[in-house]
Protein chains: 2
Amino acid sequence: MTTIDLPLVTRETAAIAIGSAPDAACCGPLTRETITPADAEAFARRLKALADPVRLRLVSIVAASEGHEACVCDLTEPVGLSQPTVSHHLKILTEAGFLSRSKRGTWAYYRLVPGALEAVAAPLVSV
Amino acid sequence: MTTIDLPLVTRETAAIAIGSAPDAACCGPLTRETITPADAEAFARRLKALADPVRLRLVSIVAASEGHEACVCDLTEPVGLSQPTVSHHLKILTEAGFLSRSKRGTWAYYRLVPGALEAVAAPLVSV
DNA sequence: GCGGAATATTGACATCCGTCGATATAGTGA
DNA sequence: TCACTATATCGACGGATGTCAATATTCCGC
């Protein structure tokens, strides 16, 4: 069977998953007006998912892989960590909306969600 | 006396503090080629400094303040935390190169380092 | 120099996080 | 149905992190 698990859709990621304008991440530019506590909480949650050296490498490796996707077995060796740990990091990235998971056979293929990285970068740029 | 504490200059922040081209953050776009473990470590360290709701609010409040600077006494009440905790967060942001500290009298004024936020956002955008 | 105010540092505490080994789950092929 | 493979989940452990009260430090005005 072939199933596709889209990333967990929350109020923050809905705008990205649905529309074609991923710029509406969570909030306007940080430096224009003070961010609300709720928006800060949501934005911090997504940044935290990315703020780990292993997860940054996983995102980078997936994006640079053949067909822009990779299975867990392809990722374990490059990062030098156990399979459960790699699966754990991939789950965090998927739930944060950065990766999507599609299972084909016994393999689970992960790929970058288009616009997700740009969306999290948007509030950081002034103009 | 009046002293100015520039943010801690490391190999990662040196390019920002010195030059006028803050784009050379640490690495090229994440999605173009796989990031090196060392670059991932450095990039994660800077993202982690930003990935906290309180610190995001502090950055936002400082940037939106009069004269683009604020002292600790101005920041304690808005975030609703104790003075030591606010000083702790400001130290983390300063050491990560996002804020600079200048002491005038008993007060310590913090301001946003120009280009620091844009520099951390750069590796996340594809083009 | 002394008292007071603003800030930084210290020490303690609870919680969260990254990691692994062991195990469970799901799919394949014989 | 039965091994075998790939992946996910669980439980445990050590280390990092956010918070506060107490204290130290630094600076100003008198």
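Predicted, not measured: the structure shown is a model, and the values here were computed from it. Below, read A as the first sequence line, B as the second, and so on, with proteins coming before strands; counting in each chain starts at 1.
When all heavy atoms of B:Y110 and B:V62 are compared, the closest pair comes out as O-CG1, 3.4 Å. Of all heavy-atom pairs between B:P123 and B:G28, the closest is CB-O, 3.8 Å. In this structure, A:R46 and A:A119 approach most closely via the heavy-atom pair NH2-CB, 4.1 Å.
Remark: B:R55 engages B:H89 in a side chain to side chain donor-acceptor pair (under 3.5 Å) (not counting sequence neighbours). Take B:Q83 and apply the side chain to side chain donor-acceptor pair (under 3.5 Å) test, not counting sequence neighbours, and it matches B:S87. In this structure B:T36 satisfies the side chain to side chain contact (heavy atoms under 4.5 Å, CB included) test together with B:A38, B:D39, sequence neighbours excluded.
Residue A:C27 holds its SG atom at 14.5 Å from CZ of A:R32, rounded to the nearest 0.5 Å.
B:L75 has its CG atom 15 Å from the C1' atom of C:dA8, to the nearest Å. Rounded to an integer number of Å, the gap from A:L93 CG to D:dT7 P is 16 Å. D:dT19 atom C1' lies 14 Å from atom CG of B:L58, rounded to whole Å. Rounded to an integer number of Å, the gap from A:L81 CG to C:dC17 P is 18 Å. As a whole-Å value, the separation of A:E95 CD from D:dA8 C1' is 12 Å. Residue A:K91 contributes atom NZ, which lies 14 Å from atom P of C:dG18 at whole-angstrom precision.
Residue A:W107 is found in a hydrophobic cluster whose other members, listed by chain and number, are A:Y109; membership requires side-chain heavy atoms under 4.5 Å apart, directly or through intermediates.
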Distances under 3.5 Å between nitrogen or oxygen atoms of protein and nucleotides 15-17 of chain D:
none

I'd like a table of atom pairs between the protein and nucleotides 5-7 of chain C - only N or O on both sides, under 3.5 Å - with the distance next to each one.
unit_1, atom_1, unit_2, atom_2, d
C:dT7, OP1, B:V72, N, 3.3
C:dT7, OP2, B:C73, N, 3.0

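A side chain to side chain donor-acceptor pair (under 3.5 Å) check over residues 59-70 of chain A, counting only residues at least two apart or in different chains, returns the pairs A:E69-A:R104, A:E69-A:R111.
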Please tabulate, for the side chains in residues 72-82 of chain A, all donor-acceptor contacts under 3.5 angstrom to protein atoms that are two or more places apart in sequence or on a different chain.
unit_1, atom_1, unit_2, atom_2, d
A:T76, OG1, A:V72, O, 3.1
A:S82, OG, A:T85, N, 3.4
A:S82, OG, A:T85, OG1, 2.9

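Each end of the helix from C:dG1-D:dC30 to C:dA30-D:dT1 yields a helix axis from five base pairs, and these two axes differ in direction by 30° (to the nearest 10 degrees).
Using a 4.0 Å cut-off, no side-chain N or O of A:T85 falls inside it from OP1 or OP2 of C:dT19.
Taking hydrophobic clusters as Ile, Leu, Val, Met, Phe, Trp and Tyr residues chained together by side-chain heavy-atom distances below 4.5 Å, A:V59 shares a cluster with A:I61.
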